[in-house]
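Every number for a ligand or one of its atoms is a count from 1 in the order of the listing. Side chains are part of it too, since the values below use all heavy atoms of this structure and drop only hydrogens, waters and symmetry mates.
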Amino acid sequence: MPRKFHVFATSDIGEALDVLRQRGYELEVYAKSEAPPQALIIEKVKSGIDGLITTLRDQIDAEVFEAGKGHLKVVAQMAVGFDNINRADANRYKIPFTHTADVLTEATAEFAFFMMGALARRMWTAEHLTRENKWSYWHPYLPFLGDEVTGKTVAIIGTGRIGLAMIKKCNGFDMNILCYDPAYQNHEYVDAIQEVKDLRLARGITKGKTWIKYVSFEEALRDADFISVHVPLLREGESNTPTYHLFNERTLRMMKPTAFLVNTSRGPVVDEIALARALREKWIAGAALDVYEKEPLPADSPLRDPVIEDRCRLYPHFASAARITRLSKDPNKGMAGRCVQGLIDVLEGNYGSDITKMPYVVNKEAFGK
Ligand code: GLV
């Protein structure tokens with residue numbers, strides 16, 4: 001039986017927490033649905049906890065690490081993204097933090113794909129038409145048409161795990177695929193997808209030749225019918241290739257007027273004021289967003305403008321919100337399970353207590369020999 005560890009969870013992450021209770025941990029869970037106030041997080045950390053379970057709603061920075069000085073051993077985040085955790089501060093205080101990469105890859109990519117389809121085929125507008133009893137006849141093109149996804153060209157901006165999963169899904173719809181990544185290119189994966197494409201053609205599963213290739217950002221913007229964004233949020237100074245406002249007035253204007261933008265990555269990658277203008281002035285055909293510069297989306301957001309309503313789909317940071325993906329206690333299936341396992345690895349000294357060998361720890365650089 002491990003020694004009794006004290007853990008505070010800023011949110012109820014479901015039955016995966018029972019794994020800790022069964023191991024004799026003393027666990028306190030913030031019971032309300034909304035995020036706890038920052039002062040409460042600091043107070044709980046100060047009280048002497050060994051581990052802190054967080055979500056992307058919590059701001060984890062020097063103040064939190066200072067409060068945990070001498071006793072806080074790990075921050076376990078239930079998300080793949082960790083832009084709410086100040087990595088430099090974590091490293092300065094030598095506190096490892098974990099995330100839940102991989103288990104939400106397919107769910108997020110499929111949601112991005114569905115958003116793309118819902119946007120292009122105007123499913124929301126079509127359902128409104130039916131529900132509001134405005135569907136008065138079948139007509140070849142009235143009151144509106146949508147755009148097919150099949151056979152079109154999609155640009156995948158960011159070819160990390162989720163971008164690659166999105167490529168796989170787009171390939172199933174015989175799309176041509178432009179890839180762009182500011183930091184890392186996976187040519188082996190892209191070559192494998194081209195082989196699948198060629199096999200589908202050779203066996204008569206598809207009719208025409210389709211392709212996939214890495215291109216420059218400009219080329220991706222210029223030639224794509226759909227752009228799906230899968231980069232992490234990196235602000236100026238955090239990387240040589242920052243992604244903050246990667247989509248701005250200049251880059252949105254480079255897209256085709258018939259093109260659609262889909263963002264399931266992080267809100268600040270897209271300048272929302274510029275995007276609302278792009279939709280109003282029809283620089284692009286439409287956008288579907290699951291993430292925002294400020295979450296929840298403020299009541300006065302320009303993205304809520306009724307003028308752009310039928311071309312702007314808005315979702316509540318929902319891409320990973322599928323039952324197994326969010327809550328399975330199996331660390332190979334669920335974010336909650338992986339979050340708990342990341343916490344256990346550090347507290348119970350798995351991997352010979354070598355933090356650099358622990359698979360879910362993000363900031364390994366602070367613990368090298
Ligand atoms: C969701 O946005 C995540 O980072 O897990």
From Gln341 CD over to Asp330 CG, what is the distance, rounded to the nearest 0.5 angstrom?
10.0 Å
Indicate, as side chain, backbone, both or neither, the part of [X] found under 4.0 angstrom from ligand 1 when only non-hydrogen atoms are considered.
X: Leu104; answer: side chain
X: Leu56; answer: side chain
X: Arg266; answer: side chain

Could you check whether the rings of Phe260 and Phe226 sit parallel, tilted or perpendicular, using 30° and 60° as the cut-offs?
parallel
Parallel, tilted or perpendicular: rings of His139 and Tyr137 (30°, 60°)
perpendicular
Are any of the N/O atoms on Gly81, whether in the backbone or the side chain, positioned under 3.5 angstrom from an N/O atom of ligand 1?
yes
In this structure, is the centre-to-centre distance between the rings of His317 and Tyr315 below 6.0 Å?
no
Run the numbers for me: atoms of ligand 1, each under 4.0 Å from some heavy atom of Ala79, listed by number.
3 (C), 4 (O), 5 (O)
Out of all atoms in ligand 1, which are within 4.0 Å of some heavy atom of Met335? Include the element for each.
5 (O)
Check if His317 has a non-hydrogen atom at a distance under 4.0 Å from any atom of ligand 1.
yes
Can you tell me if His99 contacts ligand 1 (heavy atom of the residue under 4.0 Å from the ligand)?
no
Hey, are [Y] and [X] close enough side-chain-wise for a donor-acceptor pair under 3.5 Å?
X: Glu236; Y: His245; answer: no
X: Asp174; Y: Thr206; answer: no
X: Glu26; Y: His6; answer: yes

Top protein contact for atom 5 (O) of ligand 1, by heavy-atom distance:
Val80 N, 2.8 Å
